[in-house]
Amino acid sequence: MMEPHSAPTPKKYSKKPKYSKFSQQELPAWKPILTPGWVISTFTVVGIVFIPVGLASLFSSESVEEAAIRYDDKCLNEIHAQNAVAFIKNDMTNKTCTTSWTVERKMQGPIFIYYQLDNYYQNHRRYVKSRNDKQLVNPASEGDTTNCYPQDKTNGSMPIVPCGLIAWSLFNDTYKFWVNTKSLTVNKKDISWGSDRSHKFGSKVYPKNFQLGGLVGGAKLDENIPLNQQEDLIVWMRTAALPSFRKLYGKIETNLEVNDLVEIVIENNYNTYEFGGNKRLILSTATWIGGKNPFLGMAYLFVGGVSLLCAIVFILLYVIKPRPLGDPSYLSWNKNPGILK
Amino acid sequence: MDQVENFPNFSSSMNNSSRNSTFGHSGSKPVSYGSKGADSGALSMSQKEISDEDARLVYVDDPERTNERFEFSGNSIRTSKYSIITFLPRNLFEQFHRVAYIYFLIIAILNQLPQLAVFGRGVSILPLAFVLFVTAVKDAFEDWRRHKSDKVENNRIASVMVDGQFQGKKWKDVKVGEIVKIAANETIPCDIVLLSTSDPTGVAYVQTTNLDGESNLKTRYAKQETQAKVPEKERFIGLIKCEKPNRNIYGFQGNMEVDGKRLSLGSSNIVLRGCELKNTNWAVGVVVYCGHETKAMLNNSGAPSKRSQLETHMNLEIIMLSVFLVALCSVTSVCAAIWLKSHKNELDLMPYYRKLDFSEGEMESYQYYGWGLEILFTFLKSVIVFQVMIPISLYISMELVRVGQAYFMIRDSRMYDAATNSRFQCRALNINEDLGQIKYVFSDKTGTLTENKMEFQCASIWGVDYSSTEASLEHGHQAECSAQVDGKVLKPKMKVKVNQKLLQLSKNSFRNVEGKQIYDFFLALAACNTIVPLVVDTSDPTVKLIDYQGESPDEQALAYAAAAYGFMLIERTSGHIVIDIHGKRQRFNVLGLHEFDSDRKRMSVILGYTDNSVKLFVKGADTSMLSVIDKSLNAEILRATETHLHSYSSLGLRTLVIGMRDLSVSEFDQWHFAFEAASTALLGRAALLRKVASNVENNLCILGATAIEDKLQKGVPESIESLRTAGIKVWVLTGDKQETAISIGYSSKLLTNSTTQIIINSNNRESCRRHLQNALVKSRQPLAASAVPNNFEGFSDAIATPIALIIDGTSLVYILDSELEEELFELASRCSVVLCCRVAPLQKAGIVALVKKRTADMTLAIGDGANDVSMIQMADVGVGISGQEGRQAVMASDFAMGQFRFLVPLLFIHGHWNYQRLGYMIIYNFYRNAIIVLVLFWYVLFTAYTVTTAINEWSSMLYSIIYTAFPTIVVGILDKDLSKRILLKYPQLYGAGQRREAYNKKLFWVTMADTFWQSIVVFFVPLFAYWGSTVDISSIGDLWTLSVVILVNLHLAMDIIRWNWVIHAVIWGSIVATVICVMIIDAIPTFSGYWAIFNTAATGLFWLCLLGILIAALLPRFAVKYIYQYYYPSDIQISREAEKFANQRVIGGNRQIEMYPIPDGPPR
């Protein structure tokens, strides 16, 4: 046996790691495990929550009263239907058209007036970028027309305010309403976001050189009204996410009773014939869930239903074939005894 | 070193050849592992005369002339990489060596083209700039530290000869050719050839800890011709011609012309930078290599880089993802092409396209480059938008995670070795997860399984067995041997158990034949070695201790044993030794010393007695010794000794045979002439010396044999049993004899009595083949008999009685690199234990390569010595034991630790966790990036295929940096599937990694299917809910952003196993951070999405959508996960449940199944 003599050993600095719960990876922790109890209750809770929510949204969606009138085709008489593009492009043609609609169920005010465009890609890459946000808010940046090409400057190289394709293609159909031969006032105030009016569109920025070029894309703007009061423009410039979209046109603050006959006079100016888009006029009430759209309610009902079904299936499975949790006899090396040793 | 491990350390100074090979090919892979010895290449090296072109000429004490051509570097060193000016370009250059960054860069550059500007300029560079910046800061910090240490190093002071006087000079100013003087305990500033030392014989002792970690002293010699000169008095004129700078720290070739004589210089004449002078008052030498040309600096390279298996597999899936990416981009561009074609006539005036420009008066199209180019641009734009499909950030996250994992491995107090005061070391940072998948462990024996602290156990002298095991310390018969020198008592530092009978015999009998033999035997033990006795002071001024410093623990043990029996080596110089024999000081002239080499496997010393008689003492491995012993003499004794040798080695002891011979005057003269000629030869000196030695070492008279015990390290049998329970195959590769190997096999529980042993030791190819085939037949039989299906790959070999294969190095020579390899592998894979004995270092690597080539299973090699370096580098994971045999194994290894038993916590705990964590992390990152790409893609289908993004460009860039990056990194570092206790208790759980349960193709595809479903829910729920509504791009984009981010974080949360406060903080923190970021982005008025989140979040529809998305997206996963975990539980799952519910479960069911408990690892 060899052993060191009583030689003096110098006291060395020990490199032994200091103990801490963190460095030894022993922090206290919550260790959730998917037990049948947890899983079944989760599914049940989801079912119990989702079905009523789904029913509520369906119900409110159903309670929304909505009238959708497609007029791009109706407003063409037979002669013009042959060449709709020529008709709409011609400044001289009369584009006024009337239509009527009978209220089927009572509509509680405010009633929202929307126009809906289909097959209109306001989210087209070329389109969404064709604007200059600095110019819209700051009178000093009037000349900044980056990204706006080709609607950036007039032929005389004067900057267009507001520039870009979005503003250029501003929607310009107008609607007038009569109920039982009495004119309805359409409130066009506050149809845009307050945040846009206060910070995005300047109160000292006035339209300039707008729609003066060879090709008129849409509505013209009153050069005496600052941009932050041009609410139609503000609404239009919040570009829609999807190729089928609505934009708020105005609000009717009164109620519409059953069997009221609503007569509508439409100035059908906006050219959607060019690319096969169509136009609708929508009159709709609103609830907490927005407009009429049963999808979310159905989806909730579906998810809730499936969850309850899962819960039931899992309960049955658990009753038929339970497995004791953490039973070592299920370990693979215990299931096949004799493999080891 | 090559063949026998009985002297694993003799070689460190002498056997350059094998060291050559181990050091030489750290970069390149060796080609042949088979028959040819390792040193054949080195041999031819030494036989070459250094030609003038290959030589470096150093004019001693004439640095001006030496450096005339400015070809030698100065002594200032620079380990730092950058200066302030070069930092930016060089660092960027180095960073862009990674493919990932090039990808980033190309995407960013593409985005700068006006036609392709999908994102703003600033945004598109953000991710790249972020990673570049983080890495640059890290590099700069590391380099700053190197600058600091360089400065300290360069400004140290050395004593240099200037104008005939030694003056202080900064290290950085030292030049080749100058003469430097080094005082005791000083560090050597550069590589110098010794000229003279304070010792009259020219010996200097150096400690090479800084170089190779070996703490014992090495002897270096000044040439006798230069020793006499005093440089201060007369100018030293000479010319040294030596080889060009190279990395071999154990070799040096050169010669010196002094006074018209040519002296040869070898590795024993050079002292290397970084060593310390010890036990020598001063040494003077001439500088031959400086600064970066010193051997220490040339060896200053990091660990070899390996790539983890997980990462290799991951790259396959990344290719898959690239295919997805190309597919998505192709779909987009094909659809765009069709759309453009079908709307061809409308494009000019379409309000949202407006191809025509009227502003300049005449109409021309603007930003339209023709149908073909538009499609190409669409394709490239989609690549830019969908770029995160390739999870580049994953590579960076993985590196961070590995650093974190390494932190915990290093800090693990289970893997701290108190004996060597060393922590676990992570030298490679890119293969942490491989530790969780090991299937084969190749272990060295000496120093790895055993402690490599030798204890003298038995002696067989003149045919009589004296075992010190019979002696006991209790009776007070401790060897208390001492010698009086100058009124002081000298004692050996180590006490040794002695055999009383032998002690008595050695004390009082010098007359009879038996006594004479005992005398010679112990004289041989004391003299025939390279031990340097050092006298150490103790607290008692009258007592001094003798510390035997030597390079081999075996020699130390033998010298201490000799001292215990009264033969105390007191002094050694190059010319003589002084041995105190039972109180009588005797001086012997050392006339010649043949150091150990791997061909002869023995060493010898020629002693001149005071009465002018000359004797040769030889000790060596039994095989090599028995062939040079004169068998006609004392046949009886020879036979008895052989019997003893056999019984010693079956006890697991390391044996050596001692022999001697009287040399007649003529024999001596003959030898002396040959020896002188050989040692001054310039050509092939090593081979000549070997030949001289072989000529004289013959016709020996046997004296006896020694047996030394190499004790098993603590916890080795238990560790091996755990490893094997875990389905890991343990192969032991050792240089020891077959008997020793088998006995170690028994004591380490590798072999049991029920094991069937198949032994293959043949010395030609044909018998090897026969043996192998027979063994194969034998191994198949029990398997065929048992009809148990092999469901579990890992256990298939354990079904029948375990088979152990024992094969020796000679057979391996015929098997490796030949067609027999296949059969050997087949046989070995049927065996649960493989023991390879008498293997050379390169054969070790060859065996590892044999397995590595044929299976996809991971291999781990563990060893402690230089002979394990090639094996460590060959295996997928190399582990070095920082033990007795120096640091070369550690330097070559990926991980280093103090004890073999730490392998158990390393693999079962850290390896398991690392693998589980990284495997999950990779899958999760694929999912995380794919889901956002799919959401972006679905939207593209509703934008006339123009790759508009609803998700704000800043959000889409921040997505992989801020929104979702931190949780996955933190979970990758901190989450644990099972506790340490359970992992150690059930080693079988390690099988999860071997079976690749955490990351495989099936998981990838299941996850991708889940990703598909989740992306559909995320995208289409808002789409239908908002279809035909007034919603604007930014609002719906914000909804998508928030739902994706919350969804992926909840997805991760669902898979987290242990929720500690850090994980809570980071998961919920990222969701909060995302909400804050989205709000900040929407609070910037110049962005088109200004205030969108506030307006839209005020509606009920938004919240209904969000809740619906989260629940509907996660429900399928939740249900499947539950079904899988509850009805098809993995071992890990059951153990998790057991861990949690163990206390609550009612104990004592009908079935009590034994869990094969493994005793808990060593207590902290």
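So you know, we letter chains A, B, ... as the sequences are listed, proteins then strands, and number each from 1.
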Are the side chains of [X] and [Y] in touch, meaning some heavy atoms are under 4.5 Å apart?
X	Y	answer
A:Lys31	B:Glu1139	yes
A:Gln25	B:Arg411	no
A:Leu296	B:Cys1105	yes
A:Gln24	B:Arg414	no
B:Ser1029	A:Asn293	no
A:Leu242	B:Trp1027	yes
A:Arg125	B:Val940	no

Between [X] and chain A, which part of the residue has a heavy atom less than 4.5 Å away: side chain, backbone, both or neither?
X	answer
B:Ile973	backbone
B:Leu1104	both
B:Leu1107	both
B:Phe424	neither
B:Val1062	side chain
B:Ser1130	neither
B:Ala418	neither

Original post:
Relative to chain B, which segment of A:Pro294 carries a heavy atom at a distance below 4.5 Å: side chain, backbone, both, or neither?
Top reply: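 No part of A:Pro294 comes within 4.5 Å of chain B.
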
**OP:** Please look at A:Tyr318 and chain B and tell me whether the side chain, the backbone, both or neither of the residue comes under 4.5 angstrom of a heavy atom of that chain.
**Re:**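 Contact with chain B is through both the backbone and side chain of A:Tyr318.
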
**OP:** Check step by step if salt bridge (charged side-chain N to carboxylate O under 4.0 Å, His left out) holds for A:Glu26 and B:Arg1058.
**Re:** CA-CA 10 Å; A:Glu26 286 166 0; B:Arg1058 263 162 219 251; over 6 Å; no

Original post:
Quick one: of A:His199, A:Arg238, A:Glu274, who has the most non-hydrogen atom pairs under 4.5 Å with chain B?
Top reply: A:Arg238

Original post:
A:Phe22 vs B:Tyr407 aromatic rings, parallel, tilted or perpendicular, using cut-offs 30° and 60°?
Top reply: tilted

Subject >> Test side chain to side chain contact (heavy atoms under 4.5 Å, CB included) applied to B:Ile1033 - qualifying residues, sequence neighbours left out >> reply: A:Asn123, A:Val128, A:Thr239, A:Ala241, B:Tyr939, B:Ala950

Original post:
Does NZ or CZ of A:Arg126 come closer than 6.0 Å to the centre of the six-membered ring of B:Tyr352, within 45° of the ring's axis?
Top reply: no

**OP:** With sequence neighbours left out, write down each residue that passes side chain to side chain donor-acceptor pair (under 3.5 Å) with A:Arg197, or none if nothing qualifies.
**Re:**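 Per chain and number, A:Arg197 pairs via side chain to side chain donor-acceptor pair (under 3.5 Å) with A:Asp190, A:Ser192, A:Glu231.
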
